[in-house]
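First the proteins, then the strands, lettered A, B, ... as listed; each starts at 1.
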There are 2 protein chains.
Amino acid sequence: MNEEDTGRRLPSRRVADGLRSAIAAGELAEGEKLPSERALADRFGIARNTVREAVRLLSEEGLVDVRHGRGVFVRRRRRLLRFGGARYSRTTRQETGLSPYRAELAEQGLTPRVECTSIERVAPPADVAERLGATTDAPSVVRRENWYFASDGTEEYPVQVGVTYIPWEVADGSVLATSADLGRESLYGRFEERGHRISRSREEVSARMPTPQEASGLRIPAGVPVLEVLHTGIDHNGLPFEVTRFTMRADLGGLDYDMPIED
Amino acid sequence: MNEEDTGRRLPSRRVADGLRSAIAAGELAEGEKLPSERALADRFGIARNTVREAVRLLSEEGLVDVRHGRGVFVRRRRRLLRFGGARYSRTTRQETGLSPYRAELAEQGLTPRVECTSIERVAPPADVAERLGATTDAPSVVRRENWYFASDGTEEYPVQVGVTYIPWEVADGSVLATSADLGRESLYGRFEERGHRISRSREEVSARMPTPQEASGLRIPAGVPVLEVLHTGIDHNGLPFEVTRFTMRADLGGLDYDMPIED
DNA sequence: CAGTGGTCTAGACCACTCA
DNA sequence: GAGTGGTCTAGACCACTGT
């Protein structure tokens, strides 16, 4: 790390710059521990709080992870998973025999796990109700919450949560309303059994910082936003039969749409 | 604001919680100025640095804007603009007579402005080259940089930047390579004149915190990520003829795709 | 100019991790 | 228990904004 550097910059920025370029140059490798805050303060002849300010800047830039009682570590960068708009195509499902989530992870040598953590009958939130043409004042939908994990052999980490809302008329009497275990295929086979074959998918995408709950649930590091996708499945009669809200760690996942453009 | 609150919480969190709920309850209205750091420190009997920590938390949550020399203000929330996948459809372009950007802003009563800030012949970045089937070691593309602004009557603010890369063979001899002023229609009319009518659009979406340059250029407030869309326009022969990288403030804009799903 | 946030200091004590 | 980050204090001075 270059400790001379410039003259005029503020001490906290000087330290941050030094550490940043050391990381960029690979002098501090991924996963490596930085010197302790006290050690850096000594070395630069500044107060510990000033070092903490520098570390905070790097942490917000997503360059380091600060771990209480252990130290500050250079953050490991992961390859981005790409989830496509072809997610719901029956051909895709049948060709690979895998759900798109499992297929994408397999391609990157990761082990997927999907867990359905709850199935409830509830009143839908306002934005979901609007898209389903339902009201918010009655328990008119089944809510299924799914957690998606990836494991690289060393550790397993959450990638996204998907919360699916299904009108009660669609789910009633089917495993959609009752069973957490739908096998390795996604929900879509079950919708077809109920007479709803998907013909259009609407996806509304936004990004924001996670809420504190999401940050801890998805174990989101500092300086990482979430992608939120509000997906609506529409059948051949133009009826919306399912809405899913995906909340995805933006450092692990992105989206990939390939769409025909009509004249 | 409720100053009693809980007992055990840390002082910085107590103050942050108090301010947060005052904002949520509307006791502190949008645009309103919070008490100064020194005033809050006095009122709560804590050090000014502790108040600053509380304000920093709120700022990172995107609830307040801190303005040097002026004060801390409750951030104004804006409605999200939605940019659709139908952006490139010729019908859409002709029906409205407006570019999709202008149409979406008009719908929300905002005044759009689009400015082309540079046209250069350059070597494409790696990801763009890959999608165009070009190489990165020759100035094989025209790079057009467009800034998109919105004005609500009070102030004008940047919404997104779009950087378009066009293979030299496509742009050569056309205004695509030379003119900043393409009129109110988007680029797509010009591509058609050159024999490239769009038939497919691929859009790769990701989210991340802005770089310091992006943060200042787009005037992005604290705690706001950017959406990055790498768009590839593909013609009826399956040839990519244009790649655009959109970088959008995630507190102002989102995406809205409506796609057919093939069996 | 007064008032605001921005940075820094030199300490103190607490909470967590690991040997 | 030694070492790490987490929080807090009570001051100081600087930089920016507005009157």
*Check: Glu204(A) and Asp127(A) side chains under 4.5 Å, non-hydrogen atoms*: no
*For Ile46(A) and dG11(C), give me the distance from atom CD1 to atom C1', rounded to whole Å.*
16 Å
*5' priority, DNA chain C, between Ala47(A) and Gly69(A) [closest heavy atom]*: Ala47(A)
*Could you state the CZ-P distance from Arg9(B) to dC8(D), rounded to the nearest angstrom?*
11 Å
*Tyr257(A) and Glu203(A): side-chain donor and acceptor closer than 3.5 Å?*
yes
*asked:* Just N and O in the side chain of Arg70(B): are any of them under 4.0 Å from OP1 or OP2 of dC16(D)?
replied: no
*Tell whether Arg48(A) reaches the base of dG6(D) with its side chain through a donor-acceptor pair below 3.5 angstrom.*
yes
*When you measure from the side chain of Glu37(A), which nucleotide among dC8(D), dC8(C), dG6(D) comes out closest?*
dG6(D)
_Output the rounded distance in Å from CZ (Phe73(A)) to C1' (dG5(D))._
11 Å
*Figure out the CG/P separation between Leu10(A) and dA12(D), and round it to whole Å.*
21 Å
_Categorize Arg67(B) for me: base, sugar-phosphate, or nothing, with a 4.0 angstrom heavy-atom threshold over every strand shown._
sugar-phosphate
_Rounded to whole Å, please give me the gap between CZ in Arg56(B) and P in dC8(D)._
11 Å
_Output the rounded distance in Å from NE2 (His68(A)) to P (dC18(C))._
12 Å
*Sub-4.5 Å side-chain heavy-atom contact between Leu28(B) and Val64(B)*: no
*From the options dG5(D), dA15(D), dC8(D), select the nucleotide whose nearest atom is closest to the side chain of Arg52(A).*
dG5(D)
*Kindly point out which of dT9(C), dG5(C), dC8(C) is positioned nearest to the side chain of Glu53(A)?*
dC8(C)
*Mind checking Val72(B) for me? I need base, sugar-phosphate or nothing, with any heavy atom below 4.0 Å counting as a touch.*
sugar-phosphate
*So which nucleotide from dG5(D), dC16(D), dT9(C) ends up closest to the side chain of Asn49(A)?*
dT9(C)
*To the nearest Å, how far apart are Lys33(B) NZ and dG18(D) P?*
12 Å
*Under the 6.0 Å and 45° cation-pi test, does Arg219(A) pair with Tyr157(A)?*
no
_Could you tell me if Arg131(A) sits above the aromatic ring of Tyr165(A), with its cationic atom closer than 6.0 Å to the ring centre and no more than 45 degrees from the axis?_
no
*Side-chain-base donor-acceptor pair under 3.5 Å for Arg38(A) and dG5(D)*: yes
*Tell me: CG of Asp42(A) to C1' of dT4(D), nearest whole Å?*
14 Å
